[in-house]
A.B. asks: 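Got a structure here, written out as structure tokens. Questions coming.
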Amino acid sequence: RWPVGIDDEESLVQKVYPVPASSVVYFDYGILEDGVITIFDLTGKQLIEKKIVSTQKSISIDVSGLDEGLYVYKVRSGESVKINTFIISR
């Protein structure tokens, strides 16, 4: 039998939608400690930073001021960090 479970890093961000995003992107997350979601462009420039709290399970972020394209998000909670990408298209 294989062990069943999700490691802490993978459970930080459970879902990012819609794909692609247009004006708002939603992050569903599972964290034990308050943390931060940061959005970067592909050059590494920080564009948006939002605090997230462990008592909530999702956050919406207005991305209507960002150009179409690929963006990087980083979620940090305690010692755990998750980095991935999402697309904005209109």
Side-chain angles (χ1 to χ4, degrees):
R1 293 197 134 192
W2 296 98
V4 176
I6 302 172
D7 85 9
D8 289 340
E9 185 175 308
E10 289 300 315
S11 67
L12 283 179
V13 178
Q14 297 161 343
K15 188 175 184 182
V16 178
Y17 58 96
V19 177
S22 59
S23 59
V24 175
V25 64
Y26 299 89
F27 293 86
D28 291 352
Y29 56 86
I31 57 174
L32 299 176
E33 300 178 44
D34 293 352
V36 174
I37 293 180
T38 310
I39 296 175
F40 303 90
D41 67 15
L42 292 182
T43 68
K45 179 181 177 186
Q46 180 178 317
L47 304 172
I48 298 172
E49 183 171 279
K50 296 285 184 181
K51 293 187 181 218
I52 53 176
V53 294
S54 60
T55 56
Q56 297 177 340
K57 298 299 174 202
S58 68
I59 188 171
S60 62
I61 297 178
D62 179 1
V63 293
S64 61
L66 301 179
D67 293 333
E68 290 185 332
L70 185 64
Y71 291 85
V72 175
Y73 69 84
K74 177 170 73 172
V75 177
R76 179 177 294 147
S77 172
E79 296 294 317
S80 299
V81 176
K82 172 74 174 183
I83 299 172
N84 209 332
T85 60
F86 71 96
I87 296 171
I88 297 175
S89 179
R90 297 183 183 91

A.B. asks: Applying side-chain contact (heavy atoms from CB on, under 4.5 Å), name anything that partners T55, two or more places apart in sequence or on another chain.
C.D. replies: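 Per chain and number, T55 pairs via side-chain contact (heavy atoms from CB on, under 4.5 Å) with V53.
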A.B. asks: So among E49, K50, R76, which one has a side chain to side chain contact (heavy atoms under 4.5 Å, CB included) with T38?
C.D. replies: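 Only match with T38 under side chain to side chain contact (heavy atoms under 4.5 Å, CB included): E49.
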A.B. asks: Using modelled atom types and a 3.5 Å cut-off, is there a donor and acceptor pairing between side-chain atoms of S77 and backbone atoms of E33?
C.D. replies: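 Yes, the answer is positive, given that a donor and an acceptor are paired below the 3.5 Å cut-off.
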A.B. asks: Starting from the C-alpha separation in whole Å, work towards a yes-or-no answer on side chain to side chain contact (heavy atoms under 4.5 Å, CB included) for I39 and V72.
C.D. replies: CA-CA 6 Å; I39 296 175; V72 175; over 6 Å; no
A.B. asks: Is there a side chain to side chain contact (heavy atoms under 4.5 Å, CB included) between L42 and L70? Walk through the geometry before answering.
C.D. replies: CA-CA 7 Å; L42 292 182; L70 185 64; 4.0 Å; yes
A.B. asks: Using side-chain heavy atoms (C-beta onward) and a distance below 4.5 Å, is K82 in contact with Y29?
C.D. replies: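 A side-chain contact under 4.5 Å is absent here.
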A.B. asks: Quick one, I88 and F86 - any side-chain contact, counting heavy atoms below 4.5 Å?
C.D. replies: yes
A.B. asks: Is there a side-chain contact between L66 and I48 in this structure, where contact means two heavy atoms from C-beta onward sitting under 4.5 Å apart?
C.D. replies: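 L66 reaches I48 side chain to side chain.
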A.B. asks: Heavy atoms, side chains only, cut-off 4.5 Å: are V16 and V25 in contact?
C.D. replies: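 In short, these two side chains touch, coming nearer than 4.5 Å.
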A.B. asks: Can you give me the closest heavy-atom contact between R90 and E68, atom names plus distance?
C.D. replies: N-OE2, 2.5 Å
A.B. asks: Hey, mind stepping through Y71 and L47 against side chain to side chain contact (heavy atoms under 4.5 Å, CB included) and telling me if it holds?
C.D. replies: CA-CA 10 Å; Y71 291 85; L47 304 172; 3.5 Å; yes
A.B. asks: Does Y26 have any side-chain contact (heavy atoms from CB on, under 4.5 Å) partners at least two apart in sequence or in another chain, and if so, which?
C.D. replies: Y17, P18, V24, S60
A.B. asks: Are there more than 12 heavy atoms of other residues, nucleotides or ligands under 6.0 Å from atom NZ of K57?
C.D. replies: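 Atom NZ in K57 is crowded, with more than 12 foreign heavy atoms closer than 6.0 Å.
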A.B. asks: Roughly how far apart are D62 CG and S23 OG, rounded to 0.5 Å?
C.D. replies: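 It is 7.0 Å, given to the nearest 0.5 Å.
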A.B. asks: Taking all non-hydrogen atoms of both residues, which atom of I61 and which atom of F27 are closest, and how far apart?
C.D. replies: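 The answer is CD1-CE1, 3.8 Å.
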A.B. asks: Of all the heavy-atom pairs spanning K74 and F40, show the shortest one and how long it is.
C.D. replies: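 Looks like CB-CE1, 4.0 Å.
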A.B. asks: Rounded to the nearest 0.5 Å, what separates atom OG in S54 from atom CD1 in I31?
C.D. replies: 5.5 Å
A.B. asks: Considering non-hydrogen atoms only, spot the tightest contact between K51 and I59 and give its length.
C.D. replies: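 In this case the closest contact between K51 and I59 is O-CD1, 3.7 Å.
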A.B. asks: Under 4.5 Å between any side-chain heavy atoms of V75 and I52, yes or no?
C.D. replies: yes
A.B. asks: What is the minimum heavy-atom distance between Y73 and T85, and which atoms define it?
C.D. replies: CE2-O, 3.8 Å
